[in-house]
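Okay, structure first, notes after.
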Amino acid sequence: EESIVCHDDGGVDLYRNNALKLSTTSTGIDVTGSVVADGFVFDYGDTLSLSSGATGTSLVSTGFVSGEGDYLYLSGVGNSSSNNVLFRTANSSTYGDRLKISNNGDISFYEDTGTTPKLFWDASAEKLGIGTSSPDTVLHLAKGSAATLRLESTTTALSTGGVLGAIEFESNDTGSQSGINAKINSVFTNTVGATSLQFFTSDSFAVVDSTPKMVINNVGRVGIGTSSPDHILCLEGAEPTLRIFDSANTVNQEQTIAFGTEPGNRTHAEIAGINTNTGNASGALSFKTNPGSSLTERFRISADGSLSTP
């Protein structure tokens, strides 16, 4: 029974129960079976390579690449055209996938059971999916219910005017228009957590105006052209116009401003513009009040300026 065989060329073979376990070669050693060691130490530039006997494909290798430095190379089992890398962990006797890197560059991170990818990078489309493996946009979030995107500020010292969070929209035009074209800010309006939303746009050259174009303050008032709305809706500007246009062009079609109370859904009065001619801009103005049961027209200003009552 052989244990050690020394060859004339300098090679050495080690056997156990007549089975070859280790051979020295001109480039290193060949091991048959498993290797158990306290650790591996490699000299600078040395290489470790583990291969699959079935395919001869390198599964794990380390080494040094000129200009790049040290590296760790992983390759999945299979032929050279379909290698994937899969990381798995085990809980008792159950194995679960944790990370898969496909040969096309796609990357999948799996949920706790290790069966379904919940964070997925689509390499060819350059899209990231969280909760979906089929992202439709650059960032696609999916959840069975209450899908939420959260921006959190970790500051513990709130300050009036401080920005809680922001969403910015940026272009990369080759000209002077490159930059942030629009943004939405959530801003503290006091030091106890009250906030407002500010909407910014740019007039030109991708420079976002320092003054917001629209604001929703902490009590729900909306300001367009003003940062300090003191009513439910405030419009400010040079000769501002509130425009109410009908999408249809029908005789006697009304465009209405209604006044009422939400409890009971009661309409107390209306002012309506009336289309009196589909061939031009001719129109009338109708004034209605409600005596208690339904709206009744009280008087009308006709297209020629005359007043009439029903």
Inset, instruction - Nearest 0.5 Å please: distance from the OG atom of Ser134 over to the NE2 atom of His140. - result: 8.5 Å
Inset, instruction - Any chance you could measure Ser227, atom OG, to Glu236, atom CD, to the nearest 0.5 Å? - result: 9.0 Å
Legend entry - Verdict with reasoning, Glu111 to Thr116, per side-chain hydrogen bond (donor to acceptor under 3.5 Å, both in side chains): CA-CA 6 Å; Glu111 33 69 274; Thr116 306; 4.5 Å; no
Legend entry - side-chain contact (heavy atoms from CB on, under 4.5 Å), paired with Phe200, selected from Asn185, Asn181, Ile180: Asn185
Inset, instruction - Would you confirm whether Thr256, through its side chain, and Ala258, through its main-chain N or O, come within 3.5 Å as a donor-acceptor pair? - result: no
Inset, instruction - Apply the test side-chain hydrogen bond (donor to acceptor under 3.5 Å, both in side chains) to residues Asp209 and Thr211: give CA-CA distance (whole Å), side-chain angles for both, the deciding distance (0.1 Å), then the verdict. - result: CA-CA 5 Å; Asp209 293 341; Thr211 301; over 6 Å; no
Inset, instruction - Supply the atom-to-atom distance Tyr110 OH to Phe87 CZ, rounded to the nearest 0.5 angstrom. - result: 12.5 Å
Inset, instruction - Would you mind reporting whether Thr32 and Leu22 have side-chain heavy atoms less than 4.5 Å apart? - result: no
Inset, instruction - Please check if the side chain of Ser102 supplies one atom and the backbone of Gly105 the other of a donor-acceptor pair under 3.5 Å. - result: no
Legend entry - Minimum-distance pair of heavy atoms, taken over all atoms of Ala157 and Thr155: N-OG1, 3.3 Å
Legend entry - Chi angles and distances behind the side chain to side chain contact (heavy atoms under 4.5 Å, CB included) call for Val208, Thr201: CA-CA 6 Å; Val208 174; Thr201 60; over 6 Å; no
Inset, instruction - Could you pull out the closest heavy-atom pair between Asp304 and Ser306, with the gap in Å? - result: OD1-OG, 2.7 Å
Inset, instruction - Check the pair Ser23, Asp30 against side-chain hydrogen bond (donor to acceptor under 3.5 Å, both in side chains), reporting the backbone distance first and the verdict last. - result: CA-CA 5 Å; Ser23 297; Asp30 290 335; 6.0 Å; no
Legend entry - Within-4.5 Å side-chain heavy-atom neighbours: Asn84 and Ile101: no
Legend entry - For Asp246, all residues meeting side chain to side chain contact (heavy atoms under 4.5 Å, CB included), sequence neighbours excluded: Ala248, Gln253, Gln255
Inset, instruction - Heavy atoms only: give me the nearest Val251-Thr278 pair and the separation to one decimal. - result: CG2-CG2, 3.4 Å
Legend entry - N-O pairing of Asp97 and Arg88 below 4.0 Å: yes
Inset, instruction - Would you please test Thr115 and Thr113 for side-chain hydrogen bond (donor to acceptor under 3.5 Å, both in side chains) and show each step? - result: CA-CA 6 Å; Thr115 58; Thr113 66; 2.8 Å; yes
Legend entry - Side-chain hydrophobic cluster, 4.5 Å single linkage: members besides Leu285: Ile244, Ile257, Phe259, Ile271, Phe287, Phe299, Ile301, Leu307
Legend entry - Spacing of Asn104 atom CG and Ile107 atom CD1 [to the nearest 0.5 Å]: 10.0 Å
Legend entry - Over 12 foreign heavy atoms within 6.0 Å of NZ, Lys100: no
Legend entry - Pair Arg298 + Glu270: basic N to acidic O under 4.0 Å: no
Inset, instruction - Specify the closest pair of heavy atoms between Ala303 and Thr276, including all atoms of both residues, with the distance to one decimal. - result: CB-OG1, 4.4 Å
Inset, instruction - Enter the distance from Arg300:CZ to Ser286:OG here, rounded to the nearest 0.5 Å. - result: 5.0 Å
Inset, instruction - Could you grab the distance from atom OG1 of Thr195 to atom CG of Asn217, nearest 0.5 Å is fine? - result: 10.0 Å
Legend entry - Test item: Thr189 side-chain N/O and Ala194 main-chain N/O as donor-acceptor pair under 3.5 Å: yes
Inset, instruction - Indicate if Val5 and Leu14 have the same hydrophobic cluster label, given that clusters are the connected sets of ILVMFWY residues with side-chain heavy-atom separations under 4.5 angstrom. - result: no
Inset, instruction - Go through the structure and list residues passing salt bridge (Lys or Arg N to Asp or Glu O under 4.0 Å) with Asp106, not counting sequence neighbours. - result: none
Inset, instruction - Show the numbers, then the answer: is there a side chain to side chain contact (heavy atoms under 4.5 Å, CB included) between Ser3 and Tyr15? - result: CA-CA 5 Å; Ser3 296; Tyr15 292 80; 5.6 Å; no
Inset, instruction - Check whether more than 12 heavy atoms from other residues, nucleotides or ligands sit under 6.0 Å from atom NE2 of His231, and answer yes or no. - result: no
Legend entry - CA sep, side-chain torsions, deciding dist, call: Glu254, Lys288, side chain to side chain contact (heavy atoms under 4.5 Å, CB included): CA-CA 12 Å; Glu254 296 187 1; Lys288 303 174 184 178; 3.0 Å; yes
Inset, instruction - Using the rule that two of Ile, Leu, Val, Met, Phe, Trp, Tyr join whenever any of their side-chain heavy atoms come within less than 4.5 Å, decide whether Trp121 and Leu119 are in one cluster. - result: yes
Inset, instruction - State which residues pass side chain to side chain contact (heavy atoms under 4.5 Å, CB included) with Thr191; sequence neighbours excluded, sorted by chain then number. - result: Thr160
Inset, instruction - Any chance you could pull the hydrophobic cluster mates of Phe199, using side-chain heavy atoms under 4.5 angstrom and chaining through other members? - result: Leu151, Ile167, Phe169, Ile184, Leu197, Met214, Ile216, Val222, Ile224, Leu233, Leu235, Leu242
Inset, instruction - Examine Leu99 and Phe120 and state if one hydrophobic cluster contains both, with Ile, Leu, Val, Met, Phe, Trp and Tyr joined whenever side-chain heavy atoms are less than 4.5 Å apart. - result: no
Inset, instruction - Verify the cluster assignment for Val219 and Ile232: are they in a single hydrophobic cluster under the rule of side-chain heavy atoms below 4.5 Å apart? - result: no
Inset, instruction - Could you tell me whether a side-chain N or O of Thr226 sits under 3.5 Å from a main-chain N or O of Ser228, the two making a donor and an acceptor? - result: yes
Legend entry - Heavy-atom check, side chain of Lys143 versus side chain of Ile130, under 4.5 Å: no
Inset, instruction - Would you indicate whether the side-chain heavy atoms of Thr296 and Asn290 approach each other to under 4.5 Å? - result: no
Legend entry - Smallest separation among heavy atoms of Glu297 and Pro310, with atom names: O-CG, 2.9 Å
Legend entry - Residue pair Ser124 / Asp122, side-chain donor-acceptor N/O under 3.5 Å: yes
Inset, instruction - Kindly indicate whether the side chain of Ser302, heavy atoms from C-beta on, has any atom under 4.5 Å from the side chain of Ser308. - result: yes
Inset, instruction - Compare every heavy atom of Ser294 with every heavy atom of Pro291, then report the nearest pair and how far apart it is. - result: CD-O, 3.1 Å
Legend entry - Test item: side-chain donor near acceptor, Asn249 and Asn275, under 3.5 Å: yes
Legend entry - N-O pairing of Asp112 and Arg98 below 4.0 Å: no
Inset, instruction - Treating Ile, Leu, Val, Met, Phe, Trp and Tyr as nodes and any side-chain heavy-atom pair under 4.5 angstrom as an edge, say whether Leu20 and Val31 lie in one connected cluster. - result: no
Inset, instruction - Please assess Val12 against Ile4 for the test side chain to side chain contact (heavy atoms under 4.5 Å, CB included), listing each intermediate value before the final yes or no. - result: CA-CA 7 Å; Val12 177; Ile4 302 176; 4.0 Å; yes
Legend entry - Members sharing Leu158's hydrophobic cluster (side chains within less than 4.5 Å): Leu164, Phe188
